[in-house]
Amino acid sequence: MSNENAIGNGATLDFCCKKSGCDGVIKFNLADVVDPDFQAVCPTCHNAYALDDELRDKLKRMLELIIAIRNSEDILGDSVVSVNVAGGEVRIPYALLLTRLNTMITLDIGGSKTDFHLWVEPSSPSTLR
């Protein structure tokens, strides 16, 4: 299994169905978008979403970004994000941000903005230990 597929299968995207009256959530593995025949299908109303080349390219670059982050884990493990607050600063380990904050990418689907929620599994069980 390639590094891209291994990481992509651990990265799941979801978005709310755009069909009127449907409250379904469409979920798929990020690695699946590289297949030109891939369609995301709503499990509730079975509405299919074909990804155009532009959207597929953006999602593929998101996968490449996740791979770059994974390849930099040894650097990021020593990094923090510092937030200035009254009385000093709060230092948040970067690994904590990557595993505990909700990541979203907003893209255009059929002329309307759609929020894709991105869920990435930690690369190892000891990420936060």
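In this text, all values refer to a predicted model and were calculated from it rather than measured experimentally.
Cluster membership check: Val81 shares its hydrophobic cluster with Val85, using side-chain heavy-atom separations under 4.5 Å among Ile, Leu, Val, Met, Phe, Trp and Tyr. Transitive grouping of hydrophobic side chains (ILVMFWY, heavy atoms separated by less than 4.5 Å) keeps Val25 and Leu30 in distinct clusters. One hydrophobic cluster, built from ILVMFWY side chains closer than 4.5 Å, cannot hold both Val41 and Leu13; they sit in different ones.
Scanning all heavy atoms of the two residues, the minimum distance from Pro43 to His46 falls at O-CE1, 3.8 Å. Across all their heavy atoms, Val34 and Ala31 have their closest contact at CG2-O, 3.1 Å. Between Lys113 and Lys18 the shortest heavy-atom distance is O-NZ, 3.3 Å. Of all heavy-atom pairs spanning Asp78 and Asp74, the tightest one is OD2-O, 3.5 Å. Across all their heavy atoms, Cys42 and Gly24 have their closest contact at SG-CA, 3.9 Å. Here the shortest heavy-atom pairing between Asp32 and Phe38 reads O-CB, 3.4 Å.
Summarising the geometry, atom CG belonging to Leu55 is positioned 14.0 Å from atom NZ belonging to Lys60; distances are rounded to the nearest 0.5 Å. One finds the NZ atom of Lys27 at 8.5 Å from the OG1 atom of Thr12 (value rounded to the nearest 0.5 Å). Summarising the geometry, atom CZ belonging to Phe15 is positioned 14.0 Å from atom CG belonging to Leu118; distances are rounded to the nearest 0.5 Å. Note that the CD atom of Glu89 and the OG atom of Ser82 stand 3.5 Å from one another [nearest 0.5 Å]. Atom CD1 of Ile26 and atom CG of Asn47 lie 7.5 Å apart (nearest 0.5 Å). A distance of 7.5 Å separates NZ in Lys58 from CD1 in Ile105, rounded to the nearest 0.5 Å.
No side-chain heavy atom of Thr114 sits less than 4.5 Å from a side-chain heavy atom of Thr106.
In this structure, Arg56 contributes its side chain and Val33 its backbone to a donor-acceptor pair below 3.5 Å. A donor-acceptor distance shorter than 3.5 angstrom exists from the side chain of Asp52 to the backbone of Glu54, with no hydrogens or angles considered. A donor-acceptor pair is defined here as one N or O able to donate and one able to accept, closer than 3.5 Å; no such pair exists between the side chain of Tyr49 and the backbone of Cys17.
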Task: Derivation and outcome, side chain to side chain contact (heavy atoms under 4.5 Å, CB included), residues Leu59 and Leu51 - done: CA-CA 10 Å; Leu59 293 176; Leu51 308 180; 4.1 Å; yes
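When the shell of 6.0 Å around CG of Asp35 is examined, it contains more than 12 heavy atoms from other residues, nucleotides or ligands.
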